[in-house]
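Just below is one structure, and these are the notes that go with it.
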Amino acid sequence: MKERKDDFSTDSGIPIIPNYAEGQAVEQPGEFPFTRGVHAGMYRTRLWTMRQYAGFSTAEESNKRYHYLLSQGTTGLSVAFDLPTQIGYDSDHEMSEGEVGKVGVAIDSIEDMEALFKGIQLEKVSTSMTINATAFILLSFYIALAKRQGADLSKIAGTIQNDILKEYAARGTYIYPPKPSMRIITDIFEYCSQELPKWNTISISGYHIREAGSTAAQELAFTLANGKAYLQAAIDKGLDINVFARRLSFFFNAHNHFFEEIAKFRAARRMWAKITQSLGATNPKAMKLRFHTQTGGSTLTAQQPKNNISRVTLQALAAVLGGTQSLHTNGYDEALSLPTEEAARIALRTQQIIAHESGVADTVDPFAGSYFIESLTDQIEVAAQKYIDRIDAMGGAVKAVEAGYIQEEIARAAYEFQQKVEGQEKIIVGQNQFTVEEPLSTKIFRVDDSIRNIQIQKLAQLKANRDDAVVAATLAEVRRRATGTENLMPAVIKAVEAKATLGEISDVLRGVYGEYIA
């Protein structure tokens, strides 16, 4: 993104300075523990990355949406994958029936990945991929495609979510048991630290924890507890926290309580800085919590859906005032279907209006010093730390997940919130108060079931035009490494380059590790 201007002022011509606490004996932005922001200049220097989460149907159809979003000013792509891709099934598998291309794009092979990014140079775009159990395979597809394009891998930038612990706790798209899953994740850390230095190897996600019904304090606590587990696993593997921790990022939800969300983001930075320091980090870059935010999907209502534009605006504004590095704004129609082009455009324009018309990006941490915000930041930290202390006492996040503790706490919070909604103690505008009887006028965007047949034909063609002996040899190497200690990533990359499919690679590891049953 291009650099911003040097001088800012209000519409009345009053100058706006970067930091209104500069020179005072208080914490400064860009300095440990980073409560006020990870950079001294924040958005005065560069705006956050504006992403729109998109992916549906076939790779070819999603590619059209990506080109449209890029033409409208999106500065980073964010890929949604369908459920079969997320849980390691090719589109022709019986478990994929009825789900191919529905909640995201179907990616079975390197050929699909190439179609997904046709006409897009990977060196010139930052790509975020919301994928967990099969993250190592999707990343391998992406690396193989970059090599096909002749790209310099040291310039490839992006993020894979790769956060399996929250899948066990809140979402459910896991394949393998926790211990081998953690091994795969640390293999990715190790490989990317050597080969893809600009790639964010994990996006530790509170988003889905919040979508499952947690409170803001729980979202923060359980996310950071998971982050501690990933740090410790990498340290135990012999990796240098000052190197790999620089490429960790976070993914938070922005909900409706405007001030609590701002305080949550500020507290998150401060808490993570202390956590990394306690585990041996000495480089400030390894202590900085950088995060992507998505507005709250569970806050959207199917009733009076255009009210969601107001909700998304407030949530996006809270994320910006909280110092996010990247932001996705939901379409107003997403309680009903995948977003239409119109809804996606309005969502993107919401970010652009905040960035260029509101003035909130013209100074650093505008709410710093507010009695309310500073107190709320402290209280959120205290509430979250209590949960983290309990998890530490249990032996860490993996043990807490295996014991069902995190799942039970989220379920309890979700139940209590729903009771408040049903008792009208919590008002949801247009849903339990201020309702109207009106016909549904919002256009619904649906994906046709025939997409599966298209993917099946593509898979048949792929398999007819590959060397099966080479594929078998590469899969055997993946199996050999999975049973040992050598890094999996080089073998998986060779397999996808030989045109092995996502399902074939997933099945090799199913044979080695088994499948996790909650």
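Being a predicted model, the structure only gives us computed values, none of them experimental.
Ion pairing of K118 with E60 is absent here, as no side-chain N (NZ or NE/NH1/NH2) approaches a carboxylate O to less than 4.0 Å. E477 has a carboxylate O that lies under 4.0 Å from a charged side-chain N of R480, or vice versa, which qualifies the two as a salt bridge. E61 and K64 are joined by a salt bridge, as a carboxylate oxygen and a charged side-chain nitrogen come within less than 4.0 angstrom of each other. A salt bridge links D362 with R4; the closest basic N to acidic carboxylate O contact falls under 4.0 Å.
Considering R466, K147, R148 as possible partners of E497, the one that fulfils the salt bridge (charged side-chain N to carboxylate O under 4.0 Å, His left out) test is K147.
Looking only at atom types and distance, the side chain of Q461 has no donor-acceptor partner in the side chain of K458 under 3.5 Å away. When only modelled atom types and interatomic distance are considered, T295 and N330 share a side-chain donor-acceptor pair under 3.5 Å. No side-chain donor from either of N242 and K285 sits under 3.5 Å from a side-chain acceptor of the other. Checked by atom type, the side-chain pair S203/Q161 shows no donor-acceptor distance below 3.5 Å. In summary, the side chains of Y43 and Q325 do not present any donor paired with an acceptor at a separation below 3.5 Å, with no hydrogens or angles considered. Judged purely by distance below 3.5 Å, without hydrogens or angles, the side chains of T377 and R266 pair a donor atom with an acceptor atom. A side-chain N or O of Q315 and one of T299 form a donor-acceptor pair less than 3.5 Å apart. Remark: the R171 side chain and the Q86 side chain contain an N/O donor-acceptor pair separated by less than 3.5 Å. Side-chain N/O atoms of R51 and S126 include a donor and acceptor closer than 3.5 Å. Between the side chains of T223 and N226, no donor-acceptor pair is found at a separation under 3.5 Å. In the model, T293 has a side-chain atom that pairs as donor or acceptor with a side-chain atom of T324 under 3.5 Å. A donor-acceptor contact under 3.5 angstrom links the side chains of D163 and Y230, judged on distance only.
Side chain of E334 to backbone of G297: no donor-acceptor contact under 3.5 angstrom is found. For the pair R481 (side chain) and P490 (backbone), a donor-acceptor distance under 3.5 Å is absent. Remark: the backbone N or O of V103 is not paired with any side-chain donor or acceptor of D82 at under 3.5 angstrom. Between the side chain of E261 and the backbone N or O of H255, at least one donor-acceptor pair lies under 3.5 Å. No donor-acceptor pair closer than 3.5 Å links the side chain of T501 to the backbone N or O of L459. Judged purely by atom type and a 3.5 angstrom limit, N253 has no side-chain atom pairing as donor or acceptor with the backbone of R210. In this structure, the side chain of N162 engages the main chain of T201 through a donor-acceptor pair within 3.5 Å. Distance alone, capped at 3.5 Å, places no donor-acceptor pair between the Y207 side chain and the H292 backbone. In this structure, D333 contributes its side chain and T340 its backbone to a donor-acceptor pair below 3.5 Å. Although no hydrogens or angles enter the test, the distance criterion places no donor-acceptor pair under 3.5 Å between the side chain of T49 and the main chain of S326.
The minimum heavy-atom distance linking T363 with I17 is given by the pair OG1-O, 2.8 Å. Considering every non-hydrogen atom in both V360 and L321, the closest pair reads CB-CD2, 4.0 Å. Minimum heavy-atom separation, R269 to G37: NE-N, 3.4 Å. The two residues A368 and R36 make their nearest non-hydrogen contact at CB-NE, 3.3 Å. Nearest heavy-atom pair across T85 and I107 is OG1-N, 3.2 Å. Between G119 and H67 the shortest heavy-atom distance is O-CE1, 3.6 Å.
Side chains of L279 and Q232 form a contact here, defined as non-hydrogen atoms less than 4.5 Å apart. Residues F136 and D187 fail the side-chain proximity criterion, which asks for heavy atoms closer than 4.5 Å. In this structure the side chain of R183 reaches within 4.5 angstrom of the side chain of Y513, judged on heavy atoms. Counting heavy atoms from C-beta outward, L138 and M113 have side chains that approach closer than 4.5 Å. Side-chain contact between Q294 and S78 is absent, with no heavy atoms from C-beta onward closer than 4.5 Å. Using a 4.5 Å heavy-atom threshold, the side chains of I188 and I160 count as touching. Counting heavy atoms from C-beta outward, S140 and M489 have side chains that approach closer than 4.5 Å. Counting heavy atoms from C-beta on, the side chains of E211 and E219 never come closer than 4.5 Å.
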task: Go through I110 and D112 one step at a time and tell me if the side chain to side chain contact (heavy atoms under 4.5 Å, CB included) criterion holds.
output: CA-CA 5 Å; I110 177 62; D112 284 337; over 6 Å; no
task: Given side chain to side chain contact (heavy atoms under 4.5 Å, CB included), test I275 with L231 step by step and report yes or no.
output: CA-CA 10 Å; I275 288 169; L231 287 176; 4.1 Å; yes
message: Using the rule given for salt bridge (Lys or Arg N to Asp or Glu O under 4.0 Å), can you reason through E99 versus K102, listing the C-alpha separation, both sets of side-chain angles and the distance that settles it, and then say yes or no?
response: CA-CA 5 Å; E99 292 294 344; K102 289 294 180 70; over 6 Å; no
query: side chain to side chain contact (heavy atoms under 4.5 Å, CB included) between Y68 and T74: does it pass, once the steps are laid out?
result: CA-CA 9 Å; Y68 171 77; T74 290; over 6 Å; no
message: Before you tell me yes or no, could you show the steps for Y142 and F117 under ring pair (Phe, Tyr, Trp, His ring centres under 6.0 Å), namely the whole-Å CA-CA distance, both residues' side-chain angles and the distance that decides it to 0.1 Å?
response: CA-CA 9 Å; Y142 198 82; F117 290 98; 5.4 Å; yes
- request: Verify side chain to side chain contact (heavy atoms under 4.5 Å, CB included) between V105 and L116, making sure each step is shown before the conclusion.
  value: CA-CA 9 Å; V105 62; L116 185 66; 4.1 Å; yes
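To the nearest 0.5 Å, atom CG of residue N19 and atom CD of residue Q28 are 5.0 Å apart. Rounded to the nearest 0.5 angstrom, W199 CH2 and C192 SG are separated by 8.0 Å. In this structure, OG1 on T329 lies 11.0 Å from CD1 on I309, to the nearest 0.5 angstrom. Distance check, rounded to the nearest 0.5 Å: CG of N283 to CD1 of I241 gives 10.5 Å. Atom CD in E27 sits 3.5 Å away from atom OG1 in T35 (nearest 0.5 Å). Atom CD1 of I131 is separated from atom CD1 of I87 by 10.0 Å, given to the nearest 0.5 angstrom.
Residue K494 places its NZ atom among 12 or fewer non-hydrogen atoms of other residues, nucleotides or ligands, all under 6.0 Å distant. Residue N465 qualifies as enclosed at atom CG: its count of foreign heavy atoms under 6.0 Å is above 12.
Here F291 and W48 keep their ring centres 6.0 angstrom or further from each other. Between Y168 and Y516, the ring centre distance stays below 6.0 Å. Close placement of the F250 and W272 rings is indicated, their centers lying within 6.0 Å of each other.
Stacking of R510 on the aromatic ring of Y89 is recorded, both the 6.0 Å distance cut-off and the 45° axial limit being met.
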